[in-house]
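Atom set for the values below is all heavy atoms of this structure, side chains included, hydrogens, waters and symmetry mates excluded. Just so you know, ligand 1 is whichever comes first in the structure, and atom 1 is the first atom listed for that ligand. What you see is a predicted model, and the numbers here were worked out from it, not measured in a lab.
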Amino acid sequence: MSLSNVGLCWFRQDLRVTDNPALTRALQQHTQVLCLYVHEHPDDPDPPASLWWQQQALQDLADQLQGQLLYRTGDIQQNLQQIITEYSISAVYWNRLYDPTSIARDTILKTWLGEQSIQVYSFPGQLLFEPWELLKQDGSPYRVFTPFYKACLAQGLSDRVIPAPDLNRLVSVPDPGAQITHDSPAAAWAQAFGDQWDPRRQTGWNRLAEFIAQDMPVYHKARDIPAADQVSRLAPYLHAGQLSVREVVAATRDQPGADTFVRQLVWREFAHYVLYHWPHTLDQPMDNRYVHFPWRTDPVALRAWQCGQTGIPLVDAGMRQLWQTGYLHNRLRMVVASLLCKHLLLDWRAGAAWFMYTLLDADLANNTLGWQWVAGSGVDAAPYFRIFNPVSQGERFDADGTYVRRWVPELAALPNRWIQQPWAAPTELLTAHGVQLGDDYPQPIVELAAGRRAALAAWEQMKALAASALIKRS
Ligand SMILES: Cc1cc2nc3c(=O)[nH]c(=O)nc-3n(C[C@H](O)[C@H](O)[C@H](O)COP(=O)(O)OP(=O)(O)OC[C@H]3O[C@@H](n4cnc5c(N)ncnc54)[C@H](O)[C@@H]3O)c2cc1C
């Protein structure tokens, strides 16, 4: 059946034409389709790094749509109201999102549009499975990754990709392509991202091909070495939906090394699944006992961590890579997060907020899962007593100090033996290599052994408080 009037395709985190079920279906059902994107928070005085990516990705989408993307800012409901009247829209199409804010907004909009006799059609475009499709035998959601992963494999990972539709019947928009405002983060900050990244879909696609040929065969061991950088770096493309996860699965199928890589894509799936089933974990611990965790407040320590000035070289290298490039290697995400919420006893939510501000791939679901995992408070989290030691992590995964030297040039001249722990080096050796601790590079803000003891004591305290309040591990 073909409806004669105009359908609206509302783009959100699906900035692509290929494998976009909402767009394809809208074009099948209507003689004309209007493509829309609404930037809901244009007045943010200090926008996050990811806005830079999003604006470039939107420009690229507009190019793929031959300019026919209507870009609006502000309240979505007001915009829809106006557009529906102006363009005689009879139905709205979108791909589903699963975080609590989007679900609440979409539910309200669906009811409101229904009241005006506007049809709403939503589609699965962000994940491999709908979160409610995979449940344990007793009907409850999985809380542990490995059984979830096995259930995904047993079900079969979908790699059916919808080809790009014919785009001849898009509604012409006024001033095509020229309307996307570039209210990006501070210009100097964003400039550095442009030197490192190209947010166009085709570049992501080329990177995927290069990764499959060169890096995926060794991904299972090289993915832990931050200096090697043999990871895909596809996270920002996946977050913005420029590449669909089904396309990535389809491209890697049967290629050497695919199993380990696809397992990581299933971690992404699991993160969205967990947030869907337990939306409170966005800012509350999954393990109830952590409500009693004695987090410290220490703005000076938090700032030192954010700025890569903790005096612990591997951590500082990571935090500087994050600030300067909008990216942080997964091993470093774990190491820096662990220092914050274990040795420094600062609330994981402060760290998660900084990541959301600085990462180009900032993603509510993946970020929340990652932080709760490190903090020990999440589903299937790392046991609290397993505390990453940044010195031994450095000696293991950055043995020749290449990564630290790249990001902490103050220490570049130090021999491998001392590069991960300059405070332990003899003073004459430091002087001979031109390093004055406390001057060229900070003294550590926390002594690692003492920080570890304090973290374990805080954990015992939390358990005792939870036990006296009769709260069990949930
Ligand atoms: C504290 C912490 C915070 C994190 N915050 C984010 C975030 O905001 N956004 C984000 O996309 N990822 C986040 N991650 C997960 C992971 O670190 C990144 O996805 C990965 O480093 C991105 O680099 P890549 O694309 O080269 O990954 P690759 O190693 O090439 O992996 C391929 C893809 O698999 C997915 N993936 C890989 N590892 C994970 C994981 N542990 N959890 C969920 N998905 C995963 C990502 O989509 C990634 O692009 C976080 C991890 C931790 C420990």
Checklist entry - How would you list all residue pairs meeting ring-ring contact (aromatic ring centres under 6.0 Å, His included) that involve residues 198-236, not counting sequence neighbours? => result F211-Y219, F211-F261, Y219-F261
Checklist outcome for this item: A375 and K342 have their tightest heavy-atom pair at O-CE, 4.3 Å
Next on the checklist: Quick test: of every protein heavy atom, which one is nearest to atom 45 (C) of ligand 1, and how far off is it to 0.1 Å?
Outcome noted: Q264 O, 3.6 Å
Next on the checklist: Below 30° counts as parallel, above 60° as perpendicular, anything between as tilted: where do the rings of F388 and W373 land?
Outcome noted: tilted
Checklist entry - Stepwise, does the ring-ring contact (aromatic ring centres under 6.0 Å, His included) test hold for W323 with W189? => result CA-CA 8 Å; W323 178 255; W189 189 26; 4.5 Å; yes
Checklist entry - Short list, please: which atoms of ligand 1 are under 4.0 Å from a heavy atom of Y327? => result 23 (O), 24 (P), 26 (O)
Checklist entry - Should the proximity of D361 to ligand 1, defined as any heavy atom under 4.0 Å, be assigned to the side chain, the backbone, both, or neither? => result both
Item to check | No-hydrogen, no-angle side-chain donor-acceptor test under 3.5 Å, S377 and Q372 | outcome: yes
Item to check | Cation-aromatic face contact R333/W371, 6.0 Å, 45 degrees | outcome: no
Next on the checklist: Give me the nearest non-hydrogen protein atom to atom 21 (O) of ligand 1 as residue plus atom name, then the distance to 0.1 Å.
Outcome noted: N330 CB, 3.4 Å
Checklist entry - What is the closest protein heavy atom to atom 4 (C) of ligand 1, and at what distance does it sit? => result N367 OD1, 3.6 Å
Checklist outcome for this item: Of all protein heavy atoms, the one nearest atom 12 (N) of ligand 1 is N366 CB, 3.4 Å
Next on the checklist: Given A235, A375, G351, G370, identify the one with the heavy atom nearest to atom 22 (C) of ligand 1.
Outcome noted: A235
Next on the checklist: Consider ring-ring contact (aromatic ring centres under 6.0 Å, His included). Of F193, Y327, Y237, which one does W53 pass it with?
Outcome noted: Y237
Next on the checklist: Can you confirm whether or not the ring centre of Y37 sits under 6.0 Å from the ring centre of W10?
Outcome noted: no
Next on the checklist: How close do Q309 and P442 get, counting heavy atoms only, and between which atoms?
Outcome noted: OE1-CG, 3.3 Å
Checklist outcome for this item: Taking only non-hydrogen atoms of L238 and a 4.0 Å limit, the atoms of ligand 1 in range are 47 (O), 49 (O)
Checklist entry - Out of L243, L364, D363, whose heavy atom sits nearest atom 8 (O) of ligand 1? => result D363
Checklist entry - Do Q202 and N206 have a side chain donor and acceptor closer than 3.5 Å? => result yes
Next on the checklist: Would R223 count as a contact residue for ligand 1, given that I'm defining contact as a non-hydrogen atom of the residue lying under 4.0 Å from a ligand atom?
Outcome noted: no
Checklist entry - Looking at ligand 1, does A271 have a heavy atom less than 4.0 Å from it? => result no
Checklist entry - Would W94 and F123 count as a close aromatic pair, with their ring centres under 6.0 Å? => result no
Checklist outcome for this item: Ranking M334, R333, H272 by closest non-hydrogen atom to atom 14 (N) of ligand 1, top hit is R333
Checklist entry - Does at least one non-hydrogen atom of R233 fall below 4.0 angstrom from an atom of ligand 1? => result yes
Next on the checklist: Taking a cutoff of less than 4.0 Å between a non-hydrogen atom of the residue and any ligand atom, is F270 in contact with ligand 1?
Outcome noted: no
Next on the checklist: Return the closest protein heavy atom for atom 33 (C) of ligand 1 as residue, atom name and distance.
Outcome noted: L265 CD2, 3.8 Å
Next on the checklist: Looking at Y149, I'd like to know if the NZ or CZ of R263 sits under 6.0 Å from its six-membered ring centre while staying within 45 degrees of the ring's axis.
Outcome noted: yes
Checklist outcome for this item: Among non-hydrogen protein atoms, atom 28 (P) of ligand 1 lies closest to Y219 OH, 3.5 Å
Checklist entry - What is the minimum heavy-atom distance between T252 and A258, and which atoms define it? => result O-CB, 3.3 Å
Item to check | atom 30 (O) of ligand 1: nearest protein contact (heavy atom, Å) | outcome: S232 OG, 2.6 Å
Checklist entry - Taking non-hydrogen atoms only, is F211 closer than 4.0 angstrom to ligand 1 via side chain, backbone, both or neither? => result neither
Checklist entry - Would you say F261 contacts ligand 1, with heavy atoms under 4.0 Å as the rule? => result yes
Checklist entry - Judged by non-hydrogen atoms, does L369 sit under 4.0 Å from ligand 1? => result no
Checklist outcome for this item: re atom 40 (C) of ligand 1, the protein heavy-atom contact at minimum distance is W267 CB, 3.9 Å
Checklist entry - Hey, which atoms in ligand 1 end up nearer than 4.0 Å to a heavy atom of A362? => result 8 (O)
